[in-house]
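The chains referred to below are lettered A, B, ... by the order of the sequence lines, with proteins before strands, and numbering in each begins at 1.
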Amino acid sequence: MKSEPALFSLDDLRAMPKRTAPWDGVRNYQARNYMREMRTGDLVLFYHSNCKQPVAVGIAKVVREAYPDYTAWNRTSDHFDPASHPEAPLWFMVDVRWKQAFAEPVPLSAMKSMPQLKEMPLLRRGNRLSVMPVTREQFDAVTARRKNRCLPK
DNA sequence: GCCAACGTTGGC
DNA sequence: GCCAACGTTGGC
């Protein structure tokens, strides 16, 4: 899951009550569909986008499965969408809980150089989705990488 | 700040 | 249903 650290960082998630927050504001159908596939207990790679150094910063966990994103019904919300209604919700969100911050974040540039991540949707050219699937192998490769970052090439 | 890539909108 | 115009994303 991507977030702009200036708006909502992994530290911000950690500072929330119960270290938990709803992943609101997703207004893309594909990203929404990926969220609806998420299950309680699924682990999340937390990625900081649109900042000086884009990085995977840590891990969160899904603690509530998809439910209607009520910010879409709030006229004063930045994410207001008149097409969504309480009786027929258009947008959904999950709740995620902070789990871990990497001692050393894994930069996008490092991920690009890892052959195991060649197929990772995050690295696909022109991708703009804020929520994307990660395979177990990709997840393990990223989380292992932060321990091995000082190994010679 | 630039710009490529992509999704959405809306006229036809 | 096509597609040009537009807005947004996000790396660089």
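A side chain to side chain contact (heavy atoms under 4.5 Å, CB included) with A:Met1 is found for one member of A:Val134, A:Leu45, A:Val44, A:Leu129 and no other, namely A:Val44.
Using a 4.0 Å cut-off on heavy atoms, the residues of residues 47-55 of chain A that approach DNA chain C are A:Tyr47, A:Ser49, A:Asn50, A:Pro54, listed by number.
The aromatic rings of A:Phe8 and A:Phe46 lie tilted to each other, with the angle between the two planes from 30° to 60°.
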Show every donor-acceptor pair shorter than 3.5 Å between a side-chain atom in residues 48-55 of chain A and any protein atom, with sequence neighbours excluded, or say none if there are none.
unit_1, atom_1, unit_2, atom_2, d
A:His48, NE2, A:Leu10, N, 3.1
A:Asn50, ND2, A:Glu4, OE1, 3.2
A:Asn50, ND2, A:Glu4, OE2, 3.4

Using a cut-off of under 3.5 Å, enumerate the N/O to N/O pairs linking the protein to nucleotides 7-10 of chain B.
none

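Using a 4.5 Å heavy-atom threshold, the side chains of A:Arg39 and A:Glu65 count as touching. Residues A:Asp42 and A:Glu37 form no side-chain contact, since every pair of their non-hydrogen atoms from C-beta on lies 4.5 Å or further apart. Looking at A:Lys18 and A:Asp95, their side chains never come closer than 4.5 Å, going by heavy atoms from C-beta outward. Counting heavy atoms from C-beta outward, A:Leu43 and A:Lys61 have side chains that approach closer than 4.5 Å.
Applying the 4.5 Å side-chain rule to ILVMFWY residues, one finds A:Tyr67, A:Tyr70, A:Trp73 in the same cluster as A:Met93. When hydrophobic side chains of Ile, Leu, Val, Met, Phe, Trp and Tyr are connected at separations under 4.5 Å, A:Trp91 ends up clustered with A:Tyr29, A:Leu90.
A donor atom on one side chain and an acceptor atom on the other are found under 3.5 Å apart for A:Thr71 and A:Arg27.
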Practice problem: Map every base of DNA chain C to its dot-bracket character, where paired means a Watson-Crick or G-U wobble contact with both distances under 3.5 Å and | marks a partner outside the strand. | Solution: ||||||||||||
